[in-house]
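First listed ligand is number 1; within each ligand, the first listed atom is number 1. In this text, all values refer to a predicted model and were calculated from it rather than measured experimentally. Only this structure's heavy atoms are used, side chains among them; waters, hydrogens and symmetry mates stay out.
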Amino acid sequence: MSMVEIIISIIIVYILHNAISKYKKIHFNELCGPTPIPILGNLHQFGDLPHRDLTKMTKKYGHIMRIYMADMYTVVVSDPLLIREMYVDNSDIFTDRIKKPSVEHGTFYHGTVTSSGEHWKNNREIVGKAMRKTNLKHIYELLDKQVDVLISSMKQIESSGKTFDTRYYITKFTMAAMFKFLFNHDIPQDEDINTGEIQRLMGPMSEVFQNAGRGSLFDVINVTQPLYLLWLELFDKSFKDIMKYHREKYNEHLKTFDPDVERDLLDILIKEYGTDNDDTILTILATINDFFLAGVDTSSTALESMILMLTNYPEIQEKAYDEIKTTLNGRTKVCLSDRQSTPYLVAVIKETLRYKPMSPFGLPRSSSRDCMIGGHFIPKNSQILINFQALGMNEEYYENPEQFDPSRFLKVESNVAFLPFSIGIRSCVGQSFAQDELYICISNILLNFKLNSIDGKKIDETESYGLTLKTKTRFNVSLEKRNI
Ligand code: HEM
């Protein structure tokens, strides 16, 4: 046999083996899903907006289905009771993260977001405690200050007759809040986020986000995974730049570290983990990185979507404004304690999170052993994705889900399908930070300005696919000063 024949034979055997692994019946009650092809699995069936394609597929396969992302057996779920059954009732099986090169790369499963097992449990206890400890006063004060900076910039924009570049200023707001929370670092109001301190981190972070959002076929084909990891480790400069940045901050903190004074999350992590070996230092740096990756783009996407929806639905905006104005009764700033008196605004925030989910699939989990969920067999090492789009559009739980209608959240005490922060012991650790951030920011914007589209037309709501779902085109809005 010639070399060429040997190679062709190996390829044929590989393709056949790959096809058999996908077509063979794995269980009597296995999940239904679209027919896969060898190597690609179902990837060829998805267009630019895979979360929407999967939402359409629920009509055929239901709210729990199976797809193959190349070789990765993936369970896509959008039924809240099944999500609860997995993440709450069977949390011992569904708490770990998936293992693949793009997740391993850079931090080697250290920190909060990508870790599993004991490492995660220990880390989550530390960051959970830190969030609770700092939550009450510290977080509120830092958000309050950042809102002042944002509103002051908006006033300057309004009086100069310019329009408000939503993405620029909202990103600056959420980034500055995170810089303060993690590093006790104040970002000056006049800092240009395209050139200053924020850009040093945001530049490489955007690249990491873009690459992760696009995904790579090599990440989900079993035989290419080791090489892909090697490639990422050797050639991905962005992640190295991010970690270098965090390392600088860590070194600066060490010089002035006082265990009795907790200035920020980095201080708390240094105190809890110590500094004795490279592994703990990597855990600290990875945790800081996770908070930037999980806590900035999510909140800024949510705020951008709120500005978008309030501009496109002026009657909803007016109703929310009237409620704030009446509640404040002459005061000139909304505080977190006003939240209970502004149920309509809270409903607007919830409806935006339902109607325009921040992230298509949240953060993937994996199953640590074979199990049955809702009568369906789920094999060990499956990737688990919540399809937030399909969850928010699930007609069993939301009447007329295609309508943007905040009042739906006033009619019922709570809706079991409203899970933007996920559920169970591994749900979003920054949930109350995020809820405070969204409320305090959007309420004060509404109090100060009427938001109008710049040409009188509705702003295009189409999203582009990525780790978060921002609008395809950036948009500016025109600001009309309110009398307060
Ligand atoms: C609108 C804003 C936000 C949304 C919708 C959101 C949503 C989520 C979701 C769905 C998860 C995955 C949970 C799971 O695996 O089931 C998550 C995890 C996480 N979020 Fe958030 N998040 C937001 C803001 C934030 C903020 C502001 C922070 C930090 C202050 C944060 C920090 C984290 C971290 C560290 C994790 C990983 C938790 C773990 O693996 O244990 N998030 N978030």
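Considering only non-hydrogen protein atoms, atom 13 (C) of ligand 1 sits nearest to R426 O, 3.3 Å. From the protein, the heavy atom lying nearest to atom 38 (C) of ligand 1 is R124 NH1, 3.5 Å. Among all protein heavy atoms, the one lying closest to atom 16 (O) of ligand 1 is S422 OG, 2.5 Å. The nearest heavy-atom contact from the protein to atom 18 (C) of ligand 1 is L363 CD1, 3.6 Å.
Atom numbering of ligand 1 starts at 1 in the shown order; those under 4.0 Å from a heavy atom of M178 are 29 (C), 30 (C). The R365 neighbourhood of ligand 1 comprises atoms 14 (C), 15 (O), 16 (O), with distances under 4.0 Å to a heavy atom of that residue. With ligand atoms numbered from 1 in the order given, ligand 1 contributes 2 (C), 27 (C) to contacts under 4.0 Å with heavy atoms of S299.
Of all heavy-atom pairs spanning A176 and Q146, the tightest one is CB-OE1, 3.3 Å.
Taking the charged nitrogens against the carboxylate oxygens, K129 and E272 do have a contact shorter than 4.0 Å, which makes a salt bridge. By the 4.0 Å N-to-carboxylate-O rule, E399 lies too far from R408 to be salt-bridged with it. R66 has no carboxylate O lying under 4.0 Å from a charged side-chain N of E30, or vice versa, which leaves the two without a salt bridge. In summary, R52 and E463 engage in a salt bridge, as defined by a charged side-chain N under 4.0 Å from a carboxylate O.
Contact annotation: for D290 versus ligand 1, there are no heavy atoms closer than 4.0 Å. Contacts between F291 and ligand 1 below 4.0 angstrom, taking non-hydrogen atoms only, involve the side chain exclusively.
A cation-pi contact links K99 to Y109, judged by a cut-off of 6.0 Å to the six-membered ring centre and 45° from its axis. Remark: K458 is positioned above the aromatic ring of Y313, its terminal NZ or CZ atom under 6.0 angstrom from the ring centre and at most 45 degrees off the axis.
Listed by chain and number, the residues in a salt bridge (Lys or Arg N to Asp or Glu O under 4.0 Å) with E437 amount to none (sequence neighbours excluded). For R200, the side chain to side chain donor-acceptor pair (under 3.5 Å) partners at least two apart in sequence or on another chain are E248. Looking at residues two or more places apart in sequence or on another chain, you find a salt bridge (Lys or Arg N to Asp or Glu O under 4.0 Å) between D144 and K333.
The residue from S115, S300, P420, S432 that puts a heavy atom closest to atom 10 (C) of ligand 1 is P420.
Heavy atoms of R97 come nearer than 4.0 angstrom to ligand 1 in at least one pair. At least one heavy atom of V113 sits closer than 4.0 Å to an atom of ligand 1. Residue W120 places a heavy atom less than 4.0 Å from ligand 1.
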Can M205 and M175 be said to form a side chain to side chain contact (heavy atoms under 4.5 Å, CB included), step by step?
CA-CA 12 Å; M205 251 175 69; M175 264 291 200; 3.9 Å; yes
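You'll find the ring centres of F449 and F164 outside the 6.0 Å limit.
Contact check for K249 versus L285: no side-chain heavy atoms found under the 4.5 Å cut-off.
For ligand 1, one of its N or O atoms has an N or O atom of T112 under 3.5 Å away.
Shown are the protein N/O/S atoms under 2.8 Å from atom 21 (Fe) of ligand 1, given by residue and atom: C428 SG.
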